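A short worksheet on the structure shown next.
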Amino acid sequence: MSYSSDEDDKPLVFKRTSTADKLKHSSQQKAAPTVKQEKPSTKPAPKPKSDSEDSEDDKPLSARILTAPKGNSNHTKTGPPTSSSQRPKPPVKAKVKDEDSDDEKPLSSKITSKSSAGASINKHDDSDDDKPLSSRVKQNGSASRDNQIKKPSVGVNKRPPNEERSSGQSLVKKPKLSDSSTPINRKPAPAKPEADTDDENDHVPISQRIKNQTPSSSKSSSVKQKALKAKSSIFKKTNQKSKKVVKNSKYSKPSKVPPGSGEGQKWTSLSHNGVIFPPPYKPHGVKILYKGKPVELTPEQEEVATMFAVMLDTDYMTKPVFKENFWNDWRKILGRNHTIQNLEDCDFKPIYDWHQAEKEKKKQMSTEEKKALKEEKMKVEEKYMWAVVDGVKEKVGNFRVEPPGLFRGRGEHPKMGKLKTRIQPSDITINIGKGEPIPECPIPGQSWKEVRHDNTVTWLAYWNDPINGKDFKYVFLAASSALKGQSDKEKYEKARALKKHIEGIRKAYTRDFGNKDLTKRQVAVATYLIDKLALRAGNEKDDDEADTVGCCTLKVENCEPVPPNILKFDFLGKDSIRYQNEVEVELPVFKAIQQFRTGKKGSDDLFDKLDTSTLNAHLKELMPGLTAKVFRTYNASITLDDMLNKGMKGESVAENVVVYNQANKQVAIICNHQRSVSKTHGLQMTRLNEKIDELKALIEELETDLARAKKGKPPLKGSDGKAKRNLNPEAIRKKIDQTNAKIEKMERDKETKEDLKTIALGTSKINYLDPRITVAWCKRSEVPIEKIFNKSLLAKFAWSMDVDPSFRF
DNA sequence: GTGTATACTTAGTAATTATTTC
DNA sequence: GAAATAATTACTAAGTATACAC
């Protein structure tokens, strides 16, 4: 891209304060990244803004969020307890307008389909495109299937699992009313969509926006030209590498019935070999001790004891709920009159030691042995790894049935430690094309629970979760499959569509902060928080799940107003990851929150008139297909796009990768994507420091040598006492430079490592960042795409590889 | 209007594999 | 070539969203 002078020197919006400030750790608490951004010192006290102040609605979240001065955001897994009880609230059914019209083409049809090298990594030649589908079996993720998804002539029933079906005809269902095919030029929704170049036209005041760099639109043509030049060389390599990457020209074609939408037919033909089961339990005969004495166990009893024993070194052992649940399930298997009468007197150490020894043995195997073992496994599994969908060979994602074990719920899950029983073929429902051979049941004498032929769904098999009987575990195609790719693309197209509505939406909710109708006021504030803080929607949860919340389920105690206009958030979100943030908000929001809290207990719902159905129903009125989660995708992607195009440009590929990772990091912070600090982090840092010190000592030594060399004297003996080679001053200088460079690199590595120790970059890359932003930027910046996407991501995002270099989210 | 079933995406972490360092 | 470290993949839990029965 061209980095025009007006943008070159603009700093990134996100500046971190010191890592130490932001990431607090304790032995119990998992440190977290902050969601807070530094506030420009000139920022005046919040006040209702005039229209003219707002020109940034379309800007990425990073550019809009401002938090309170002391707003460190620590997110830990073991955060403060949220309210003890979360009574499920009845969801309100969304009223959905029928917006389904084909009047507009999806963006995909507008993007030039280039058959860049990336687009033609198919195993098969294009030449067979015109053959009947059934005769063309392509491998994994061929984009050429894109337009083969058929719109059903009749709506299809999506209800099923427990219903008997005589395949086919009972699949009739009413078509969904909402259209999620994400056209970008839809009919205007009530909140009027704005033109694409609406950056300056936003009159909705959202306080705490940092003055932002407007992504230049005028430069696009020159960008295009430069980028086009850059493109070919960079992408050839990529594409040759990943054979399974798909041909994109066809992918870009709009499909009439989007698979991801839950509507209509997903495939015409589907064949696969079912699932593979874990091997039966092999008893080891190692005895646990009960009151110090070895106890004989049956294989079944021993199996469950082993599940517990191998977890002796995990944190679960510190959780009474885990132990109690385990004991309750194990004692049933032991039987009433068993010698073992309580868990406290059991010593599982012998089995633990045995298991450690087994692990060690495995580790000590020679490379050849390991290889042979792997090959054997591959041989057995190969047939389960693939499915053929509409004539295209696609990878199956999770073809292995989950083995039995103890349930490892996250956070304070009430069911942790319960026995996850072994899944049998009779638990499994298979979904396969009509007329295709039914997968052979791999366990002799048993049979599948049911075989369906439902082409309105994408799952190949499912079974009921033994922990929560009403939940299902599905077997789906892999992320690299065309079906998944198509739905991924639609997700991003929907998020891009939001860009055109966001101004109106922000105006609308800002207007409603003071609405007399309490429900409307709550909807407005909730939407604001979802937009501004990228909060999740917050569905209702059952009592037998971990007590976590999202926006709609926030409790009074999770959001504390601190005058004049700061909100202190502290709650456990998905996966019991703590969200802790102090945010400066607009005064009307602040007042509304105060009002919502009035007269309530800490454990009461903050938004008592609201649930996700109400909220999403409202959002759908503003934009077809809009739901709460779209805001996360939108804000993540627009942030990346903005940051990558703000004028930051590295001199080298390596520097550009750093620029990208910085942007990626900001998105991860916005989305609160965390990881736990690795066990060896401290050690690694110590080692790095030691190495740096060593190199610094070396520099000193070299400086002395240099001084001596200049005088024609030989170098002194090294620190090891050995004599050193007599080098000329020039050679010594070179050595000093090299060493300094090494030190600099290590310092950088150290900083990055510390900086990212609790931030997970991968989650946003996989789920939230439109890959076309990345691909286009790589093309413009001459960064090989493999520097950003690994093999899996290249396969997953095959559909995005032929994007035009000028693509902007 | 409410409750639940269903199907799909998103998420952190454990296990495995590749690469680097000594 | 072994150990350390980094990167990747596998695994499965935990979310979101919506259709539909009652």
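A quick note: this is a predicted structure, and the numbers were derived from the prediction, not measured. The sequence lines fix the lettering, A, B, ..., with proteins before strands; numbering per chain opens at 1.
Distance A:K470 NZ to B:dG3 P: 12 Å, rounded to the nearest Å. The NZ-P distance, from A:K491 to C:dA17, rounds to 13 Å in whole Å. For the pair A:D471 CG and B:dT6 P, the interatomic distance rounds to 11 Å; values are reported in whole Å. Taking atom CG of A:L477 as the reference point, atom C1' of B:dT9 lies 15 Å away to the nearest angstrom. In this structure, A:M311 places its CE atom 14 Å from P of B:dT13, rounding to the nearest Å. To the nearest angstrom, P of C:dA14 lies 13 Å from CZ of A:R536. To the nearest angstrom, C1' of B:dT9 lies 11 Å from OH of A:Y492. Rounding to whole angstrom units, CD of residue A:E540 and C1' of C:dT18 are separated by 15 Å.
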The test is salt bridge (charged side-chain N to carboxylate O under 4.0 Å, His left out); show your working for A:K415 and A:E545 and say whether it passes. CA-CA 7 Å; A:K415 291 192 172 179; A:E545 294 175 282; over 6 Å; no
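Counting heavy atoms from C-beta outward, A:D547 and A:K541 have side chains that stay 4.5 Å or more apart. Side chains of A:T458 and A:F476 form a contact here, defined as non-hydrogen atoms less than 4.5 Å apart. Taking 4.5 Å as the limit, every side-chain heavy atom of A:F277 sits out of range of all side-chain heavy atoms of A:R400. Using a 4.5 Å cut-off on side-chain heavy atoms (C-beta onward), A:T553 and A:N539 make no contact. A:K370 has its side chain out of reach of A:L373: every pair of non-hydrogen atoms, C-beta onward, lies at least 4.5 Å apart.
Contact between the side-chain N/O atoms of A:Y768 and the OP1/OP2 oxygens of B:dA11 is found at a separation under 4.0 Å. Between B:dA11 and A:R632, a contact under 4.0 Å exists linking OP1 or OP2 to a side-chain N or O. In this model, the phosphate group of B:dG12 is not approached by any side-chain N or O of A:K574 to a distance below 4.0 Å at OP1 or OP2. Within the structure, every side-chain polar atom (N or O) of A:T612 is placed at least 4.0 Å from both OP1 and OP2 of C:dT16. Between B:dT9 and A:N767, no contact under 4.0 Å exists linking OP1 or OP2 to a side-chain N or O. A:H413 has a side-chain polar atom (N or O) that falls below the 4.0 Å cut-off from OP1 or OP2 of C:dA14. For A:K484, a side-chain nitrogen or oxygen approaches OP1 or OP2 of B:dT9 to under 4.0 Å. The shortest distance between the side-chain N/O atoms of A:T548 and the OP1/OP2 oxygens of C:dA14 is not below 4.0 Å. OP1 and OP2 of B:dA7 both lie 4.0 Å or more from every side-chain N or O belonging to A:T458.
For A:H272 and A:Y384, the gap between ring centers reaches or exceeds 6.0 Å.
Looking at which nucleotide of DNA chain C each of A:G538 and A:Q364 is closest to, the 5′-most match is held by A:Q364.
For the 3.5 Å distance criterion, the side chains of A:E490 and A:Q486 qualify, holding a donor opposite an acceptor. Side-chain N/O atoms of A:T774 and A:Y660 include a donor and acceptor closer than 3.5 Å. Looking only at atom types and distance, the side chain of A:D313 has a donor-acceptor partner in the side chain of A:Y352 under 3.5 Å away.
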Generate the contact string for nucleotides 14-20 of chain B. Rules: B means base contact, S means sugar-phosphate contact only, - means no protein heavy atom under 4.0 Å. --SS---
Sugar-phosphate means primed atoms, P, OP1 and OP2; the rest is base. With that split, encode nucleotides 4-12 of chain C 5' to 3' as B, S or - using protein heavy atoms under 4.0 Å. SSS-SSSSS
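When distances run from any side-chain atom of A:Q674 to the nucleotides C:dA17, B:dG12, B:dA11, the shortest one goes to B:dG12. With B:dG12, C:dG15, C:dA17 as the choices, the nucleotide that has an atom nearest any side-chain atom of A:T763 turns out to be B:dG12.
Of the options A:F308, A:Y316, A:F407, a ring pair (Phe, Tyr, Trp, His ring centres under 6.0 Å) to A:F326 is made by A:F308 and by none of the others.
Residue contacts for A:K691: at a heavy-atom cut-off of 4.0 Å it reaches the sugar-phosphate backbone alone, with no base atom in range.
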